[in-house]
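Okay, structure first, notes after.
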Amino acid sequence: MAYSHQLIEKKWQKFWEENRIFSVKNASTSSSNKKTFYALDMFPFPSGAGLHVGHPEGYTATDIICRKKRMEGYEVLHPMGWDAFGLPAENFAIKTGQHPEISTNANIENFTKQIKSLGFSYDWERELSTTDPDYYKWTQDLFLKFYEKGMLYEDEKLLNWCNSCKVVCANEEVEQGLHERCGNAVTKKSLKQWMFKITDYAERLLQDLEKPNVILLHGWEGTGKSNWFPEITDYLKKNGIDVYHPDFPNTNHPKYAEWKEFFQKEIQPKLQPNSIVVGHSLGCGFLQKYLSEENIKIGEIVFVAPTVGDCGVDEIKDFFTEEFNYEKIKNSADNIFIIAGGKDKYITSDEFKFLAKKLNAHFNFYENLGHFLENTSIEILEFFKKTVQSVLDWPEKIKAMQRNWIGKSEGLLFSSPLIFEYTKKRGTKSSCEGAHSGKINLSGSSRSSQIFSIVLNNIKEVKKKNMRTHISKIQKTFLINNQKIVFDGFALWEHWKRKNNYEKKYRKEFAATVIKSLSSLYYESEFIGYFSSKNSIYRIVFEYIEKDVKRIKTYYRVTDLSSLYQKNKNNLKIQTYSTHFEAFKADTFFVIAPDHPLLPKLIADVDNKNAIEKKCENILEKRAQLGFEEEKESDGIFTGRYIQDPVGNGKLPLWVASFALADYGTGIVKCSCHDERDFAFAKKYNIPLKAVLFPEDKEEAKKVKNLEYCYSDMKNGVLTEPSKFSGKKSGELREEIMQYVEKNNLAERQTNFRLRDWIFTRQRYWGEPIPLVFDENGKCYPLDSSELPLLLPKTDNYLPSSSGESPLAKITDWVQVKGYITKDETVKIITNSHQVPKGVEIQNFTRETSVMPNWAGSSWYYLRYMDSKNSNEAFSKEAENKWGPVDLYVGGAEHAVLHLLYARFWHKMLYDMGIVSTKEPFKKLVNQGLILSYAYQRKSGGLVPTDEIEEKDGKFFEISSKEPVEKITAKMSKSLKNVVNPDEIVEAFGADTLRMYEMFMGPFEQNKAWDTSAVEGMYKFLSRIHRYFTEKEISKTCPSPELIKLTHRTVKKVSKDIDEFKFNTAISQMMVWMNAFQKLDTVPQIAGGKFVRLLAPFAPHLAEELWQKFSPEDETISFKSWPTYDESLLVENNVKYAVQVNGKLRGDFEISKNATKEECIAKAKTIEKVMNNISMLGGEEKVRKEIFVPGKIVGFVVK
RNA sequence: GCCGAGAUGGCGAAAUUGGUAGACGCGCGAGACUCAAAAUCUCGUUUCCUUCGGGAAGUGUGGGUUCGAUUCCCACUCUCGGCACCA
């Protein structure tokens, strides 16, 4: 019977689909403790080109794992969907005039057909598309949750702008400074964008790439082995997590001071930024007090049955103070959990609730549980299961790329006084005078009037209930690190009072609003508030600052504005950031970025101001145009200003330099000759240099004549400058110098990240509309959740507009809406007046017209799959608990940074809100290699299309010129005519062949070239299997013990290889099995049955077909148990020894596995060849050593 | 420049507590079946030397440790991927 793959595959695909074989339910079944497994493929963008042979590679791998897991009894979630928003669909629409929705749906249909033809065991009932309103409703819903949390702000951003196409283009669309579509130069254009504060999570996104450790702190009369501690310790250790469970001293009569000393000595050094510290009972009390005293940063705190406040027990009184600094405790961890019971004998439920509220903790309360004194605790074990699932099992490569992208660096922040003689400008009032005339003054800022009006705008709204500040719009524009703001609160109050009807009761709100406005404006800057007298406003404002405004680093209470202003002016500090401060003694100049916000102010009074401005423009223009591959020569100009070096190098000049970046560090760099870039710059402009590091070799150092040698040797250099550090290696100095400068107030430690906030808006059509509206004053409101989904309006005009605005902006009747503000500060849109509840004010609103980037939909789709039909929420907690996190995530490495980072970011925000239960979304990540194709390359380097090549004697020639060409591997491309269409392969050889071949090509994670003749080889293998199983009768017994052993060996090897993603060797083992068995006249029942089940994950259609022969009563092989093997059968009775003389193979022999060393050596000596070799080397008496490796080697060392 | 991965026959590749290098497949060669071809099956296939017994070399290059190294250590070359004026 011939192997008719087409019939077999169609038949089984139909069967699987009609019987919904691979659908899984969310509700727990009767066997509720069934293990679950969630395997996910990166969902594809359904492009018009259809499926590529690269797609099925990853899909096959997950399918093999899933099918095996099902046979092992797991409940398997294996979904598929479409990432269908995005530029390509829109560009296709622009080109063809066809609406993106139409082309997208057609592409999805085509992709579905193609993917289904490959026989993957997807649960198609959970299929989703990011473009489906039922899906993006929840994308918008999550967006609003993040907006509520304050994770979004609006900012002006410089974007790539193509003047010829009048369109904003993504970085990916810009090549060498030119727009890839039209070839014209790309410039920068400033546009307002919504920004996601991913930088708030930079540290955690970095830390959670590493394994956390866990510290367990016991309570009164407990030990590190009390209660459930051993159970949890074992569980965590088994999962590779380090656990410390110390015994506090004097546990029966605990003293806080003793415990503190112990903790500092034993535990403190083990704390990492992602440590999880767990306390039980008094262990929590200790931790509360300790954390409110010390500055510590850890990952999570878990309080189990914590003591709260003063327990009223005298013995442990010193563990409590009147009230802890809960703010400080809260800030020392990313998340705090409280696990407590309602039947606790020592602490009341109200006390737990009090603590949870104070610490803003996640509160896991169990009504029927007590003080957690038992030996086991399901609740705590459950908690740590989630911890274990949050430990990433990812390729080092991807983790490294993420670390790189986040780009953390630790260094020192130097504050240097600017030498800056203040000169009064002609004709203008001094700032002090201005203050008294009722205006806000911001020292040196030309934009004070703008800020003033914005603050006033906010204050106007104090009257309204539920006041919401709308300051984010201008936040970053005025964020100047080095600037101190002088703000006259009293003057503002007077001003406001005049303009509005004064009412005493608004005072508090007024104060709050002012401070809130300014604090978000001057986020992380130094803030100086000034109030003319100690009146009540003064008091209220500063109370407010002290309590609620954390972001302001420092503030001063000053009552005399003019003296403050003068002091501030003369002490303007320039801050510089350095990670290579070992050579700070060599610093001889400063550089500032040409686009630094402080620069205009610095050069305002300088003579050659115009020349400097021109130079800056020049540099910035060049920077915008240059692709990064081009040579970058540094360029700059002297600013005319000097800075007093805080670490004793005197008065140093400040230069504008092209290599300084405004948005890294502080935008101002302190430079020395020991940095290659600084060195080149100084040489170019003849800035004096001073070398302080020399090679360690003193003799060499003496020979050094020029500075070039010095800077190149900085890494191993020794500081020679006569100071307390001289004579030490720079590497060893880092910590010492850090401590020295900190102690002497010369600098402070600072961490910097390369990661920038995420621009979350696109001025495009084909994306999720953003559910925000603006009122007539430009204040932003979120839409009410009842307004979701906010549908993407239908239009034929989806071309980007010339203003850089979204195409949606042109749909006026969609953009301009009427609505009212709800109690929750959200906006409800009304289409007719009947809908309007009584007592609300109808206002005009304008919609946000940008759409989300296509990373939005892909940042959470894995969660929707868990509960894709849910119409009440994005996904239910139960579903997330059952399936999350994704156990296995497979896809290309091209998403190593953006998609995976964004998804992790969203997941972490959801975790903090208590919406998901794990810190990380994807437990194990595997990247498939690229599938390449052969291509032919001329000697000159040009590539020749495949159909213009002929082969002669294994060599390749170009037909037209007869020139020899070289066969290489390259990406598949239409122009090279080497694209392989999976449909054709399925048609000719079948899905099983395609699956098997792609798995057999080579290691899964490696790139590999497509070879169609090898595909035929795989087809032959499957045909051989088919022939063997269909043409030969089943026999009850297996004729040879060797073959039984082979079968068991094959089961073991294939099982292990699948788990390790070594599909190629699993298949080769099946080939070995087949080669041996096909020589038989029959199919031994047990061995054959095992083999077919091993084959099932790889070639499911064929396996189903063959299984019918073994077990005709079974409907499907999909849930038959995975074959087992008997380890004892794998041990051979006889083993083969290799015999070596001086490490070279000279023969072998077979002997019983129980043979002793002596027996083996004696046997080895009977081999003629061995003895010949020994006598050639001098005979048996020269044998110095006999080597015996049991089961493997007998060796003789002859000398 | 920085970070990461890798280099083994004509080709894809296998081989881990250091122990017989090249499993399995492709390709190629020989043979069987056939009038013939295809398909199928059998045998061979790292290179060089050979008196046909066998011998020598061999896992990017050069060193080292070891009785023994694809595997461990040091230095280097090349290839691929990512980042890049990041102080």
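Each chain gets a letter, A, B and so on, in the order its sequence line appears, and its residues count up from 1.
- Separating the P atom of B/A21 from that of B/A57 is a span of 12 Å, rounded to the nearest Å.
- Residue-to-nucleotide contacts include no donor-acceptor pair under 3.5 Å from the side chain of A/Gln1006 to the base of B/G6.
- Taking atom CD1 of residue A/Ile1067 and atom C1' of nucleotide B/A13, one finds them 13 Å apart after rounding to whole Å.
- Using a 4.0 Å cut-off, no side-chain N or O of A/Arg1146 falls inside it from OP1 or OP2 of B/U20.
- At the heavy-atom level, A/Arg1024 lies under 4.0 Å from the strands shown only through sugar-phosphate atoms.
- The interatomic distance linking A/Gln1069 (CD) with B/G25 (P) rounds to 11 Å, in whole Å.
- A centroid separation of 6.0 Å or more is found between the aromatic rings of A/Tyr3 and A/Phe1029.
- Between B/A87 and A/Tyr577, no contact under 4.0 Å exists linking OP1 or OP2 to a side-chain N or O.
- Separation of the A/Phe679 and A/His674 ring centroids does not fall under the 6.0 Å cut-off.
- No engagement by A/Lys399 is indicated, since no non-hydrogen atom pair under 4.0 Å with the nucleic acid exists.
- Nearest heavy atoms, A/Thr588 versus A/Leu652: O-CD2, 3.5 Å.
- Contact annotation for A/Ala893: no contact, since no heavy-atom pair falls under 4.0 Å across all strands.
- One can place CD of A/Glu1005 at 17 Å from P of B/G81, the figure rounded to the nearest angstrom.
- The partner of B/U34, taking Watson-Crick or G-U wobble pairs whose two distances both stay under 3.5 Å, does not exist in any strand shown.
- Partner assigned to B/A5 is B/U79, using Watson-Crick or G-U wobble distances below 3.5 angstrom.
- For the residue pair A/Tyr577 and A/Gly411, the shortest heavy atom distance occurs at OH-N, 3.4 Å.
- Nucleotides B/A7 and B/A15, compared at atom P, are 12 Å apart to the nearest Å.
- Look at the P atom in both B/C67 and B/G18: the space between them is 16 Å, to the nearest Å.
- Comparing B/G22 with B/U16, their P atoms sit 14 Å apart, to the nearest whole Å.
- Looking at heavy-atom distances under 4.0 Å, A/Asn752 makes no contact with the nucleic acid at all.
- Nearest heavy-atom pair across A/Ile1151 and A/Cys1160 is CG2-SG, 4.1 Å.
- B/G62 and B/A69 are spaced 16 Å apart, taking the C1' atom of each and rounding to whole Å.
- For B/U46, the paired nucleotide is B/A57, the pair qualifying as Watson-Crick or G-U wobble because both relevant distances are below 3.5 Å.
- A distance of 6.0 Å or more separates the ring centres of A/Trp655 and A/Phe590.
- Residue A/Tyr934 is in sugar-phosphate contact alone, with no base atom involved, counting any heavy-atom pair closer than 4.0 Å across all strands shown.
- Among the protein residues, A/Asn1075 comes within range of the sugar-phosphate backbone only, with heavy atoms under 4.0 Å from sugar or phosphate atoms but none that close to a base.
- Using P as the reference atom, B/U47 and B/G12 are 16 Å apart when rounded to the nearest Å.
- Rounded to the nearest Å, the gap between the P atom of B/C11 and that of B/A23 is 15 Å.
- For A/Arg677, a side-chain nitrogen or oxygen approaches OP1 or OP2 of B/C86 to under 4.0 Å.
- Where A/Ser1068 and A/Thr1065 meet RNA chain B, the nucleotide closest to each residue was compared, and A/Thr1065 sits on the side nearer the 5' end.
- In this structure, A/Lys670 forms a cation-pi arrangement with A/Phe414, its terminal cationic atom sitting closer than 6.0 Å to the ring centre and no more than 45° off the ring axis.
- Residue A/Val1072 is in sugar-phosphate contact alone, with no base atom involved, counting any heavy-atom pair closer than 4.0 Å across all strands shown.
- Counting any heavy atom pair closer than 4.0 Å across all strands shown, A/Pro1003 reaches sugar-phosphate atoms only and no base atom.
- Of the two residues near RNA chain B, A/Val1189 and A/Ser1013, the one whose nearest nucleotide lies more 5' is A/Val1189.
- Looking at heavy-atom distances under 4.0 Å, A/Lys408 makes no contact with the nucleic acid at all.
- In this structure, A/Phe753 has its ring center at least 6.0 angstrom away from the ring center of A/Trp405.
- The side chain of A/Lys1144 contributes no N or O atom lying less than 4.0 Å from OP1 or OP2 of B/A56.
- Counting any heavy atom pair closer than 4.0 Å across all strands shown, A/Arg756 reaches a base atom.
- The CD1 atom of A/Ile1193 sits 19 Å away from the P atom of B/A15 (whole-angstrom rounding).
- For A/Lys397, the side-chain atoms get nearest to B/G81 when compared with the rest of B/G82, B/C41, B/G81.
- On the P atoms, B/A39 is 14 Å away from B/G29, given to the nearest whole Å.
- Rounded to whole angstrom, the span from the CG atom of A/Asp1011 across to the C1' atom of B/G10 amounts to 13 Å.
- Centroid-to-centroid, the aromatic rings of A/Phe681 and A/Phe659 come within less than 6.0 Å.
- The nucleotide whose nearest atom lies closest to any side-chain atom of A/Asp675 is, among B/A87, B/G25, B/U20, B/A87.
- When heavy atoms are screened at a 4.0 angstrom cut-off, A/Gly667 is found touching base atoms of the nucleic acid.
- Smallest separation of non-hydrogen atoms from A/Ser973 and A/Asn978: N-OD1, 2.9 Å.
- A heavy atom closer than 4.0 Å to some atom of RNA chain B occurs in A/Gly1017, A/Lys1020, these being the qualifying members of residues 1015-1023 of chain A.
- Comparing B/U20, B/A13, B/G4 by their closest approach to the side chain of A/Glu396 singles out B/G4.
- Note: CD1 (A/Ile592) to P (B/A87) measures 18 Å, nearest angstrom.
- The ring of A/Trp758 has its center closer than 6.0 angstrom to the ring center of A/Tyr902.
- Atoms NZ (A/Lys1008) and C1' (B/C80) sit 14 Å apart, rounded to a whole Å.
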